[in-house]
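When reading the values below, keep in mind they use all heavy atoms of this one structure, side chains included, and skip hydrogens, waters and symmetry mates. Naming: A, B, ... by sequence-line order, numbering from 1 per chain.
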Amino acid sequence: MITQRRVQFEDSYDLKRTIESGQAFHWFPSGESSWETAWRGFYVEVKQVSSSEIVFETNSTETDALSQVADYFQCHIDVSSVLHTFPKDSLTEKALDRCLGLRLLRQDPWLCLASFILSSTKQITQIKEIVRLMSFQLGASISCPDINRIVYTFPEPQDIVRAGESAVRKCKAGFRAKYIYRCAQEIESGRFDLEAVRLLSLDEARESLTSLPGVGPKIADCVLLFAYGFSRAFPIDVWVQRVLQDYYLGGKKVSHREMRQFVDGYFGNNAGFAQQYLFDYIRSLSKTDWAALVASSPFGK
DNA sequence: GGGATGCCTGGATG
DNA sequence: ACATCCAGGCATC
């Protein structure tokens, strides 16, 4: 049996931008503007109905399944009140304008952690491919005969421990396989508790996550932001680093520490949300537009 | 403690 | 065709 829920928003909700722009890698196109996945052991499909309306459906018989999905999509968030806290520089404002409807998801820690370990020096399409292969080969199948669909859950830590590092490597994970496998061991054995991270402060949580093999500051902040909901977490990848250095900090080479300091002082309580807009926007720019943007920076040297 | 280098691999660039 | 570079990092020295 399939149940569904339709949600309408005050502001726009751009599913494509939200699902496909690099925060989640386990959604698969199932139609013109719809995606499907296996999530928490059940089938979920989500569709864009209008710019401010989405519908999701599931085969789960749990009474709160749809509420869980709504939480995953962070349907309760009042975006305009978040945007209000952003700094008012012209770059941030342009990013907001161009990436209208982009939202943050609230993902499950393990899949999020594994995805970002896999993301290391990989492009989004490649990350998705590894996640797809791992799900197909090492995960469980969820069939949904009512609508003739089948999807695969991302393997749990115990599945990966059982399958071994080489099985992960066969999914094109490369050197990341070792990290995935070791993290799976830590979690499966109980030596590392992903749920306990929820109780920590941002700094404690960051320190805790970076103790895992293959997890440095960038990956930790992705997980802190996209899974645990630390709104001040601010992943600094090569793109965001370019923005900080070339646009906000006068074009000179700056240390990671200096960038952190600037971010903490400048972007405020929803820094992570702002980061997502900046990331999405600058990634879409051509070299020419990027150069023009940097040249137009009002920030001094 | 900042700065290079290797790590897997596929796709882009020359 | 073929070499080389680079991609949404981390660990190591």
So A:Glu36 and A:Ile147, do their side chains get closer than 4.5 Å, heavy atoms only?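 The answer is no; the side chains never approach within 4.5 Å.
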A:Glu10 and A:Asp78, any side-chain heavy atoms less than 4.5 Å apart: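 With C-beta onward as the side chain, the pair stays apart.
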Set of side chain to side chain contact (heavy atoms under 4.5 Å, CB included) partners for A:Ile160, sequence neighbours left out: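 With sequence neighbours excluded, A:Ile160 shows a side chain to side chain contact (heavy atoms under 4.5 Å, CB included) to A:Trp110, A:Met134, A:Pro155, A:Val168, A:Ile180, A:Tyr181, A:Ala184, given in chain and number order.
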So that I can tick it off, tell me whether A:Glu165 and A:Lys178 are bridged by a salt bridge, with the cut-off set at under 4.0 angstrom between side-chain N and carboxylate O.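 Not counted as a salt bridge, because no side-chain N and carboxylate O are separated by less than 4.0 Å.
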Going by an N to O cut-off under 4.0 Å, is there a salt bridge joining A:Asp221 and A:Arg260?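 A salt bridge is present here (some side-chain N lies under 4.0 Å from a carboxylate O).
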Any sub-3.5 Å donor-acceptor pair from A:Ser115's side-chain atoms to A:Leu111's backbone N or O?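 Checked: pair present.
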Whether A:Asp146 side chain and A:Met1 backbone form a donor-acceptor pair below 3.5 Å: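 Yes, the answer is positive, given that a donor and an acceptor are paired below the 3.5 Å cut-off.
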Using atom [atom1] in both nucleotides, what's the gap between [N] and [M] to the nearest angstrom?
| N | M | atom1 | answer |
| --- | --- | --- | --- |
| B:dA4 | C:dC6 | P | 15 Å |
| B:dG11 | C:dC10 | C1' | 22 Å |
| C:dG9 | B:dG1 | P | 24 Å |
| B:dG10 | C:dA11 | P | 24 Å |
| C:dC5 | B:dT5 | P | 12 Å |

Ring geometry between A:Phe262 and A:Phe299 (parallel below 30°, tilted from 30 to 60°, perpendicular above 60°):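 If you compare the ring of A:Phe299 with that of A:Phe262, the planes turn out perpendicular.
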Where does the angle between the aromatic ring planes of A:Phe273 and A:Tyr277 fall among parallel (under 30°), tilted (30 to 60°) and perpendicular (over 60°)?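 Parallel, since the angle between the ring planes stays under 30°.
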Rounding to a whole Å, what distance do you find between [X]:[atom1] and [N]:[atom2]?
| X | N | atom1 | atom2 | value |
| --- | --- | --- | --- | --- |
| A:Lys178 | B:dT9 | NZ | P | 13 Å |
| A:Lys252 | B:dG2 | NZ | P | 16 Å |
| A:Lys170 | B:dG10 | NZ | P | 15 Å |
| A:Phe175 | B:dC7 | CZ | C1' | 5 Å |

DNA chain C contacts made by residues 215-237 of chain A, counting heavy atoms under 4.0 Å: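 Of all residues in residues 215-237 of chain A, the ones placing a heavy atom under 4.0 Å from DNA chain C are A:Val215, A:Gly216, A:Pro217, A:Lys218, A:Ile219.
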Does anything in residues 262-278 of chain A reach DNA chain C, meaning a heavy atom under 4.0 Å, and if so which residues?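 By residue number: none to list.
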Determine the minimum heavy-atom distance between A:Ala205 and A:Val197, stating which atoms define it.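 Scanning both residues completely, I find the closest heavy atoms to be CB-CG1, 3.8 Å.
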For a quick check of understanding: with a heavy-atom distance under 4.0 Å over all strands, which category does A:Ile124 fall into, base, sugar-phosphate or nothing?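 The answer is base, as A:Ile124 lies within the cut-off (heavy atoms under 4.0 Å) of a base atom.
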Hey, does A:Leu118 reach any base, or is it just sugar-phosphate, or nothing, if we go heavy atoms under 4.0 Å?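 Nothing: the residue A:Leu118, judged by heavy atoms under 4.0 Å, touches no strand.
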Are OP1 or OP2 of B:dC8 and a side-chain N or O of A:Arg169 less than 4.0 angstrom apart?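 Yes, because at least one side-chain N or O of A:Arg169 sits under 4.0 Å from OP1 or OP2 of B:dC8.
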Quiz question: by atom type and distance under 3.5 Å, do the side chains of [X] and [Y] form a donor-acceptor pair?
| X | Y | result |
| --- | --- | --- |
| A:Asn269 | A:Thr85 | no |
| A:Gln68 | A:Arg40 | yes |
| A:Tyr247 | A:Asp89 | no |

A:Pro213 vs A:Phe25, nearer the 5' end of DNA chain C by closest nucleotide: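 Checking each residue's closest nucleotide, the 5'-ward one belongs to A:Phe25.
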Residue whose closest nucleotide on DNA chain C lies nearer the 5' end, A:Arg242 versus A:Thr210: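 Residue closer to the 5' terminus by nearest nucleotide: A:Arg242.
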N/O to N/O distances under 3.5 Å, protein versus nucleotides 11-14 of chain B:
none

Would you please enumerate the stems DNA chain C participates in, each stem being three or more consecutive Watson-Crick or G-U wobble pairs with both distances under 3.5 Å?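 Stems (3+ consecutive pairs) listed as B:3-7 with C:9-13, B:9-14 with C:2-7.
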With ring-ring contact (aromatic ring centres under 6.0 Å, His included) as the test, pick out the partner of A:Trp27 among A:Trp39, A:Phe154, A:Trp35, A:Phe73.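 The ring-ring contact (aromatic ring centres under 6.0 Å, His included) with A:Trp27 is passed solely by A:Phe73 among A:Trp39, A:Phe154, A:Trp35, A:Phe73.
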Could you tell me from which nucleotide to which nucleotide of DNA chain C, 5' to 3', there is an atom under 4.0 Å from chain A heavy atoms?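 Under 4.0 Å from chain A, the extent on DNA chain C is C:dA7 to C:dA11.
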Check this for me: does the side-chain of A:Arg176 come within 3.5 Å of the base of B:dC8 through a donor and an acceptor?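 Between B:dC8 and A:Arg176, which were checked side chain against base, a qualifying N/O pair under 3.5 Å is present.
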Using the side-chain contact (heavy atoms from CB on, under 4.5 Å) rule, take A:Phe9 and A:Ile77 through it: C-alpha gap first, then chi angles, then the decisive distance, then the call. CA-CA 9 Å; A:Phe9 302 90; A:Ile77 295 287; over 6 Å; no
Start with the C-alpha gap between A:Asp97 and A:Lys94, add the side-chain angles, then the distance that decides, and say whether salt bridge (charged side-chain N to carboxylate O under 4.0 Å, His left out) holds. CA-CA 5 Å; A:Asp97 185 51; A:Lys94 181 162 275 185; over 6 Å; no
Hydrophobic cluster membership, with links at side-chain heavy-atom distances under 4.5 Å among I/L/V/M/F/W/Y: are A:Phe279 and A:Leu225 in one?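 Result: no, two separate clusters.
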